[in-house]
Every structure is written in structure tokens, then in C-alpha cells.
Amino acid sequence: MNVTLPDGKVLELDSEATGADAALAIGPGLAKAALAITVNGEIRDLSRELPDGATISIITEKSDEALDLIRHDAAHVLATAVIDLFPGTKVSIGPAIENGFYYDFEFPDGVTLSEDDLPRIEERMKVHVKAAEPFERSELSVEDALVRFRELGEDYKVELIEDLITNEGAQTVSLYRNGDFVDLCRGPHAPATGRIKAFALQSVAGAYWRGDSTRTMLTRIYGTAFLSRKDLEEHLELLEQAKARDHRKLGRELGLFRFSEVSPGSAFWLPKGTKLFNELVSLSREMGEPRGYQEVKTPQLYDAELWRLSGHWDKYRENMFLTESEDHQMGLKPMNCPGHAHLFGAQQWSYRDLPVRYSEPGLLHRNEPSGTLHGLLRVRHFCQDDAHIFCTDEQIQDEVAACLEFAFATYRLFGLEPKLELSTRPEQRLGDDELWDRAEAALSSALDSGGHEYVVNEGDGAFYGPKIDLHITDSLGRSWQLGTVQLDYSMPERFDLSYAGADNADHRPVMIHRALMGSYERFIGILIEHYAGALPFWLAPVQVQVLPVADRHSPFAEEVAAELRAGGLSVEADTRSESIGRRIREAELAKTPVMLIVGDREVESGEVSVRERGSGDEGAETVAGLLERLNQRVQDRTA
RNA sequence: GCCGAAGUAGCUCAGCUGGUCAGAGCACCUGUCUUGUAAACAGGGGGUCAGGGGUUCGAAUCCCCUCUUCGGCUCCA
């Protein structure tokens, strides 16, 4: 038979030749390095027979696919070790994931696993890796496979096979054996367990079977694997370093905010944190005004009637904080939209008035489940940079495009590059298909015209309309949704909103919900991790720290500070009788962008010695010149 | 909410199997030093060991409940 190699050469092989044979035919070095083979674009085991005429490419440790392969191998070895150590454990699934792998198990009654158990599971895994047990693939009819896994009591595998039959019409399934462990698995795998050069188990967690919270909670073991010990150590080192960027740690160390048991999930903002917070609110106002936004203020607490009208009473009550007043049930707002819709509906509108863009840095309360709270990134009390745009159908596309422009203009200031997701019509939805066609088309063409790349989440839209979300990852690579632009045909209906058209008839406006930073809390959490706490000059709560060398220079230091403050900067003077070295160190640790050292020389010359965060002495400068330079940095919003 | 883990001074942590176990460093306060680009020196104050029950002659240490936090899952800005 003949196969074609990546460089276009044709290789002649014996009939029934396998991927391993092909690799050997190319060269013994490659045969040794080979992990798997791509056959007509599909990754397969080396041991499988090649089809005649196939285009092949050998996967080695250098290939992009190599890590996924050995991580998947490692997941099987993990399962092998777990079953060795905990007989009677049921297995479910164990895929490779970004940065590692996991396997989900159901342990026998009475057995609970904790992280203390990981070392001995690792030891057991090492035995199997060292034994370099081959991965052997076999195929089985679905009937035989069902019998086999039923006998073993592997209920989860049985369910998987049943679903393969119903959903894919599967006739056969593939099994992989390594050592004594046989798993239902699509493959592919490397030739043997020995190819896993370095691995580590990392954590134990609960995970619902099939991601369904009504089903059994399985025990998930996370781990990672690499092609060399060095790569593994580098990865673990990176994870260590990421902890230093954690906004919860930095928020405390930098004196930005804190949390307390007296109000779980709600930040207490300290003066410095409040300054940062307010800076972002100002930014949003400053950018919103020229874009036609009008700020409004709406109440925190509303009669339950409003929530019934908006639909939140039915769909969101569980997550709302409720109270009573004079026999009226009331609820704190979890969203600003009903208030804005109510406000819009309170007066008459002409088509000439549209679009109307109401913005509000609205304070919200959502009673999020305790287990979901996460520093500033998931809180119960937060403030959105929220706005609602009421417009005509024809205006949707331009408005959405303008929202995206606004969002990117904002993110660019911080060097953040969000990932975009377009979520389309869900199964349960309001409105006819024609409406959804138009709404989705409006969103996707706004995305396309802006030249944005995005992924489509089919069926993930809100029940009232499709949406575009902006995602950013935190220091540990966890993705968080920040901004969102949502089309809503439902709320205008519920609130019976209307405007008079050119035809003098009543028309229903469309509502666009948009929050660009998302919430100030989450955005600040992400920013802190993005900058590792070293906020750019324009955002720093304390921009300049003036440091007199000795007590006798304090009056001059105060003068300099006052002058810079009068020039609009946030300045402190550290006049404590501590050593200058100590005060410089503390200003550095506080991530203050600019330090000014003033001693005899400066008092004499009237200038100041400038020290930039992280880069040492930069020489003397007049206060006036410095002020101008620093104000330019604020204006340009540069570091 | 679910699974697992943790909770000792403001912070980081010691305190092994219950019996001088309430400690250290940093921070804080006081005093001395008056400093030239990342930590001066000395002394001092501070915790009913998350909260509540229980076991015991005796609990920070063992058990139970609650709260909070951390890692995930589900859900979400």
C-alpha cells in the first residue's frame, strides 16, 4: 500500500502495515519518538492498521498533540492506580483538559478521598508508568460491551454506551487496556504508559455526573502531566507565582478592600480601593457621555409587583434578597433593567427620541449560593457599569456595534484582550423565529463589521434574546465573563413600552442591556491580577510618595506634596522618622508608581529626586516639570 | 446549594499522638537614632486558639452542630 507523508512524498508499505511500521520505514529515530499518528486528519494509535492511500503524519513529543495524548494516558493510569488501591470504585470519564487531566470516580460507600491520599495514588501510578504497560485497543459490539460493563457494575460506562447507541447509532465501541485496567475509550493513546515522563496529582474535588446537579456527585481527581520533569516543574512554579497575583491576597496587602463574616460575599472598600473604584466609575462616565449615554439613578428596593411584572419573581426570586414593609413584599434589585424599563415607560416617546441610552452605576444584590463566592470575582453585592438602550429594530445593529466599540475602547486602556462569545436562541424562549433570526443576525453582523473573532454558543442565549459576552481569564487561567451586550424583546413587552412612530402608530422599542466592564468589583479583581497589583500611574490610589531623607526635610516634602496635589495628583508624604531605605522599601511594596526623595540637595536646589517603581533613581527634576510630565501620563492613561 | 479541605495575635505561620501550649517573625505602640534610593536599635502592648455544644480530672489539640474561607462542580457579572 501507499501512504502520503506531510512533505508530499509517497511511502510504500506492506499491506496491513500499521502506523508504527510507517514510522519505522521513515526512520528508526522517528519510530522511537513516535507517540501516535495522524491518518487523514484523525489522530490514531500507532498500532492500528493504515488504510491504503492515506495521508499520514507521525506525532512525536514535539507535536502540539503530544501533551493531550500523554495526559489522557495519565488519566487512564490514574484510574488504574485508584482501582488498585480502592477496589470497588466505579469509573466514569477521564479526559485531558487544558493544562492537565482529571478522572471522575465513585468510591465505594464509606470511602472518602482527600488530598492526603494523592501521594500514595501517585506512588501507585509510578509503578504502572515504570512498567511501561502497552495501551491495547480492541473493538467490541455494543451488546458485548454492555454485558461486560454491567457485569463489572460499571454503571457510568453502561450509561455512556447506551447513549452512544441512542445518539450516534454506535454498533461497536473501543476499549483500551493498560495493565489490568480496561476502559471504554475512544482513544487514541500513546504506545505505552512509559511515555508519561512526568506527572503530578493536584487536587480532589466534587463534580456532578455529566455536569448535572440533580445527579450523583462523583469525586474528581485533577492532575497534570508533561513530557519532561523540567516542563512539569516549570508549570508548577508558574502556578506558585500565579498565587502571588491573586487579587484577594493583593487586595489585602495593598489595603484596597477586605471581606468580613458580617457580610459574606460583599467587599468592604478601604480608602485606596474606593479611589480605584471611583476612578473606574469616572472613566465609564467620561467615555459614556460623548457616546450619548445619560446617567440616571433608580431605587434599590422595589415592590414585589415590579418583580412580578419583570418576570424576576418567577425566574429569579431564589437569588433575591427580600424584605417587607407595611405588608408589602419588597425586593432589593438584582438587576437594573426593570427600574430602567419602568422609568422609560413613565413618559411618552417619539421615534425621534430614540435611541435612549440610560446608564447607571447600579448597586445590585444577588443572593448567590455560598459555594460560588470568589473574592471580588463573584460577590453578592456589586455595582455594574450598566446601561439600557431603548431603540428601534433598525437601530439595533448600529447600537450593538457602538457598544462593542465602547467596550474595546475601554479594554484597550488596560491592555486587556477579551474573548468574545455569541450566545444564540435557547430551547425555551420568547418570540418567534423570525424575530430571533433578525436579532442574531444583528449581533453577528455587528461582530463581523467590527472585525471581531468570536465563538458561537448555540442555545446559550437568554430566554428573552441573544447576547454577546466578553470573557477574560484570571491569574490561574479561569475564565470570567465581564462585559455583556444582550438584546431583549421581552422586557419591553412586559412593561408595555412604546414610542410613536413616523406613522403616528405605537411601536415597541427593543431593549439592549449592556455592561462593559461587567461589574466594577469583578473588573477590579481582574485588573489587580492583570497588573499583579502594580496599577498604572493613572489608576494608582497613591500616585506619588514624597520621602524626606531626614526630619528636617519634612516641611519641604509637605510643600512638594501640596504642590502636586494642587496639580491634581494623589500624593502622600511619608514623614515618619524611619530610615529612608525603609520608607522606599515600603513604598515599593505598596506598588507606588513614583517616589520623590528630598534631602539637603533638593531643599537647596528646589528640585526633587525621582524614583520610578521598580527602576531606581532617575535623577533630579523641577516640581513644575514633573507635574506636567505626570499629568500627561494621567491624560494619556499610560503606566 | 453540592463534594473535599481549612480556620491559632492585623499578616505569615509553629504548637507531633489532650497535661507550663498560648508562641515566633513581620506589623503596631514607646524611646533612642536623623538617615541619600528595597528592612536602624531597644523595650512594650495585643489572641477566652472562628462561634456554640459535648467527651475528659484536664481540650487550641478528640467528637457533634453552625459560620466563614479555600479548591472544584452546578449556577452566574
Side-chain angles (χ1 to χ4, degrees), chain A residues 102 104 106-107 112-117 202-222 243 246 248-249 252-253 255 258-265 316 318-319 334-335 362 364 366-380 382-386 469-472 476 478 480-484 486 513-523 525-526 547-554 576-590 595-602 609-619:
Chain A
Y102 67 79
D104 285 349
E106 186 185 6
F107 284 89
T112 55
L113 200 75
S114 82
E115 278 167 32
D116 297 339
D117 296 308
Q202 295 169 296
S203 61
V204 177
Y208 296 110
W209 168 233
R210 310 209 115 175
D212 182 342
S213 60
T214 64
R215 307 203 58 182
T216 318
M217 178 149 281
L218 304 171
T219 301
R220 175 171 299 178
I221 300 177
Y222 282 98
K243 282 185 193 160
D246 191 313
R248 292 165 295 191
K249 178 177 151 73
R252 189 177 52 235
E253 289 173 358
R258 53 194 311 143
F259 287 91
S260 162
E261 292 189 8
V262 299
S263 188
Y316 208 75
E318 291 291 292
N319 283 311
M335 296 165 191
L364 309 179
R366 295 184 188 175
N367 198 0
E368 302 289 353
S370 56
T372 66
L373 302 176
H374 186 103
L376 288 180
L377 300 183
R378 184 79 179 269
V379 286
R380 288 196 174 134
F382 60 104
C383 180
Q384 286 185 322
D385 64 324
D386 206 7
D469 291 329
L470 289 78
H471 292 253
I472 294 276
L476 284 173
R478 294 174 289 214
W480 295 89
Q481 184 194 317
L482 298 179
T484 183
Q486 310 185 352
H513 306 246
R514 48 116 287 190
L516 304 182
M517 299 188 205
S519 75
Y520 290 105
E521 282 78 2
R522 182 173 285 183
F523 198 76
I526 290 290
L547 304 169
V549 172
D551 288 347
R552 64 178 179 280
H553 310 121
S554 291
R576 289 174 304 159
S577 301
E578 294 288 350
S579 73
I580 184 69
R582 144 92 63 149
R583 284 171 295 144
I584 287 171
R585 177 182 154 79
E586 289 185 7
E588 285 281 354
L589 291 175
M595 286 147 269
L596 302 178
I597 286 80
V598 296
D600 290 335
R601 292 202 293 272
E602 288 73 19
S609 285
V610 182
R611 181 190 164 98
E612 284 283 337
R613 173 175 61 201
S615 58
D617 192 1
E618 307 226 315

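Proteins come first, then strands; the chains are lettered A, B, ... in the order of their sequence lines, and each starts at number 1. All values below were derived from every heavy atom in this structure, side-chain atoms included, with hydrogens, water molecules and symmetry-related copies excluded.
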Searching all strands shown, indicate the nucleotide that pairs with [N] (Watson-Crick or G-U wobble; both distances under 3.5 Å).
N       : value
rG71(B) : rC3(B)
rA9(B)  : none
rU48(B) : none
rG36(B) : none
rC29(B) : rG43(B)
rA60(B) : none
rA22(B) : none

Nearest-neighbour nucleotide for the [X] side chain, [options] considered:
X         : options                   : value
Tyr208(A) : rU35(B), rG7(B), rC73(B)  : rC73(B)
Arg552(A) : rU34(B), rA39(B), rU74(B) : rU34(B)
Arg576(A) : rC73(B), rC28(B), rA77(B) : rC28(B)
Pro264(A) : rC73(B), rA39(B), rU69(B) : rU69(B)
Glu261(A) : rG7(B), rA77(B), rG71(B)  : rG7(B)

How would you label the contact of [X] with the nucleic acid (heavy atoms, under 4.0 Å): base, sugar-phosphate, or nothing?
X         : answer
Arg210(A) : nothing
Gly211(A) : sugar-phosphate
Thr214(A) : nothing
Thr219(A) : nothing
Arg582(A) : sugar-phosphate
Gly614(A) : nothing
Glu578(A) : base
Leu589(A) : base
Glu588(A) : base
His374(A) : sugar-phosphate
Glu318(A) : nothing
Asp600(A) : base
Arg611(A) : base
Arg601(A) : base

Notebook entry, point to check: Side-chain donor-acceptor pair under 3.5 Å between Glu602(A) and Ser609(A), yes or no?
Noted result: yes

Notebook entry, point to check: Quick one: the side chain of Glu253(A) and the base of rG10(B), do they pair up donor-acceptor inside 3.5 Å?
Noted result: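 It does not, because no donor-acceptor pair links the side chain of Glu253(A) to the base of rG10(B) below 3.5 Å.
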
Using atom [atom1] in both nucleotides, what's the gap between [N] and [M] to the nearest angstrom?
N       : M       : atom1 : value
rU12(B) : rA22(B) : P     : 24 Å
rA40(B) : rC33(B) : C1'   : 7 Å
rG44(B) : rA59(B) : C1'   : 31 Å
rU61(B) : rG54(B) : P     : 14 Å
rC13(B) : rA6(B)  : C1'   : 14 Å
rC67(B) : rG53(B) : C1'   : 15 Å
rG18(B) : rA60(B) : C1'   : 10 Å
rG43(B) : rG51(B) : C1'   : 36 Å

Notebook entry, point to check: Can you tell me if Glu612(A) uses its side chain to pair, donor with acceptor, with the backbone of Asp617(A) under 3.5 Å?
Noted result: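 Checked: no pair found.
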
Margin query: When you measure from the side chain of Arg583(A) to the backbone of Pro548(A), do you find a donor-acceptor pair of N or O atoms at a distance under 3.5 Å?
Written below: yes

Next item on the list: Verify the neighbour count for atom CZ of Arg258(A): are there more than 12 heavy atoms of other residues, nucleotides or ligands below 6.0 Å?
Entry: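 No.
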
Check: Taking the nucleotide of RNA chain B with the closest heavy atom to each, which residue, Met335(A) or Glu618(A), is nearer the 5' end?
Finding: Glu618(A)

Next item on the list: Tell me which of Gly599(A) and Ser519(A) sits closer to the 5' end of RNA chain B, going by the nucleotide each one is nearest to.
Entry: Gly599(A)

Between [X] and [Y], does at least one N-O distance fall below 4.0 Å, as a salt bridge requires?
X         : Y         : answer
Asp104(A) : Arg220(A) : yes
Glu588(A) : Arg611(A) : yes
Arg552(A) : Asp600(A) : yes
Arg248(A) : Asp246(A) : yes

Item checked: Whether Tyr222(A) stacks on the six-membered ring of rG72(B) base, 5.5 Å and 30° limits ->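 Stacking is absent between rG72(B) and Tyr222(A), given that the ring centres and planes do not meet under 5.5 Å and under 30°.
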
Notebook entry, point to check: Does a side-chain N or O from Arg215(A) land closer than 4.0 Å to OP1 or OP2 of rU74(B), or not?
Noted result: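 Looking at the OP1 and OP2 atoms of rU74(B), neither is under 4.0 Å from any side-chain N or O of Arg215(A).
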
